Amino acid sequence: MSLSLISLFVSSCATNTGTGVIAGSTVGVGIGGAAGGGRGALIGGAAGIVVGGLIGAALDEQDRRVMERTSPRTVDRMDRGEPLTINDVIKLSQGGVNDDAVVTYMRDSGSNYQLSQAQIRRLQDAGVSQRVINYMIETGR
């Protein structure tokens with residue numbers, strides 16, 4: 001069981017669901033442990049995972065709805081597992097999608113970029129984080 005929780009933690013930290021699971025389990029273990037010792041911590045942790053995951057999933061769905069309204073082509077491309085374009089990365093960033101989620105998607109979809117200096121400046125001017133830009137640069141090496 002603990003191995004599956006660790007893999008869930010590692011694979012889903014980039015999403016609101018993963019963050020909710022982590023936060024919920026941490027709070028649940030703390031409260032359960034204080035109230036009922038070891039057994040309470042186990043029960044509290046399990047309840048926290050469920051509640052935190054549900055709250056996080058709702059936030060992931062909310063992000064998706066925002067992106068469907070603002071950039072349906074980006075969502076379509078992501079649904080098909082296609083690499084992101086520079087415009088997609090800008091749209092995701094401006095839509096408030098967190099850096100971890102963007103980098104994870106680029107990695108998982110095999111996105112590779114040969115960025116020119118003008119494209120790097122465009123990404124910076126559009127507000128894309130330096131972390132995402134650095135990842136994009138690294139894919140081209």
Side-chain angles (χ1 to χ4, degrees), residues 1-36 38-141:
M1 172 152 168
S2 63
L3 184 57
S4 63
L5 291 178
I6 291 169
S7 67
L8 176 65
F9 169 78
V10 170
S11 66
S12 62
C13 288
T15 66
N16 289 321
T17 303
T19 302
V21 165
I22 294 163
S25 65
T26 302
V27 171
V29 166
I31 292 171
R39 182 176 230 170
L42 181 62
I43 294 168
I49 286 171
V50 171
V51 172
L54 290 173
I55 292 169
L59 291 173
D60 286 336
E61 187 58 33
Q62 182 180 11
D63 283 348
R64 181 178 176 84
R65 282 194 302 271
V66 167
M67 288 309 301
E68 285 173 342
R69 280 195 308 273
T70 60
S71 185
R73 288 183 183 161
T74 299
V75 174
D76 288 343
R77 203 174 339 275
M78 293 176 77
D79 286 345
R80 291 188 304 266
E82 295 175 3
L84 297 175
T85 67
I86 291 171
N87 286 337
D88 293 332
V89 173
I90 291 170
K91 293 284 188 182
L92 290 168
S93 178
Q94 291 175 342
V97 176
N98 86 34
D99 292 350
D100 289 335
V102 174
V103 168
T104 298
Y105 181 82
M106 286 190 291
R107 184 190 65 233
D108 292 349
S109 67
S111 300
N112 288 303
Y113 304 92
Q114 300 288 327
L115 299 177
S116 68
Q117 285 300 323
Q119 290 170 318
I120 293 170
R121 276 192 303 278
R122 181 171 169 233
L123 289 162
Q124 290 169 331
D125 291 346
V128 175
S129 78
Q130 195 59 48
R131 179 170 175 249
V132 171
I133 295 169
N134 288 344
Y135 179 82
M136 294 172 77
I137 292 168
E138 287 298 315
T139 66
R141 292 187 181 179

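Atoms considered below: every heavy atom in the structure, side chains included; atoms not considered: hydrogens, waters and symmetry mates. Remember, it's a predicted structure, so these values are computed and weren't measured experimentally.
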Query - Atom pair CD1 (I90) and OG1 (T85), whose distance is rounded to the nearest 0.5 Å - result: 8.0 Å
Query - Non-hydrogen side-chain atoms of I86 and L115 separated by less than 4.5 Å - result: yes
Report summary line: Which of V102, D99, V103 passes side-chain contact (heavy atoms from CB on, under 4.5 Å) with S129? Answer is D99
Query raised in the report: When rounded to the nearest 0.5 angstrom, what is the spacing between CD in Q130 and CG in L123?
Result: 9.5 Å
Query raised in the report: Any donor and acceptor pair, going by atom type alone, linking the side chain of N112 with main-chain N or O of G110 inside 3.5 Å?
Result: yes
Query raised in the report: What distance do T139 atom OG1 and Q114 atom CD have between them, rounded to the nearest 0.5 Å?
Result: 7.5 Å
Requested in this report: State, yes or no, whether a side-chain contact exists between Y113 and I137 at a heavy-atom distance under 4.5 Å.
Outcome: no
Report summary line: When every non-hydrogen atom of P83 is compared with those of D88, the smallest separation belongs to O-OD2, 4.4 Å
Query raised in the report: Any donor-acceptor pair under 3.5 Å linking the side chain of Q94 with the backbone of A126?
Result: yes
Query raised in the report: Can you check whether V89 reaches Y135 side chain to side chain, under 4.5 Å on heavy atoms?
Result: no
**Report entry** Side-chain ion pair, D100 and R131, N-O less than 4.0 Å
**Finding:** yes
Query - Rounded distance (nearest 0.5 Å) linking atom CZ of R121 with atom CD1 of I133 - result: 11.5 Å
Query - Any side-chain heavy-atom pair of M136 and Q119 under 4.5 Å - result: no
**Report entry** Side chains of R122 and V128 in contact at under 4.5 Å (non-hydrogen atoms)
**Finding:** no
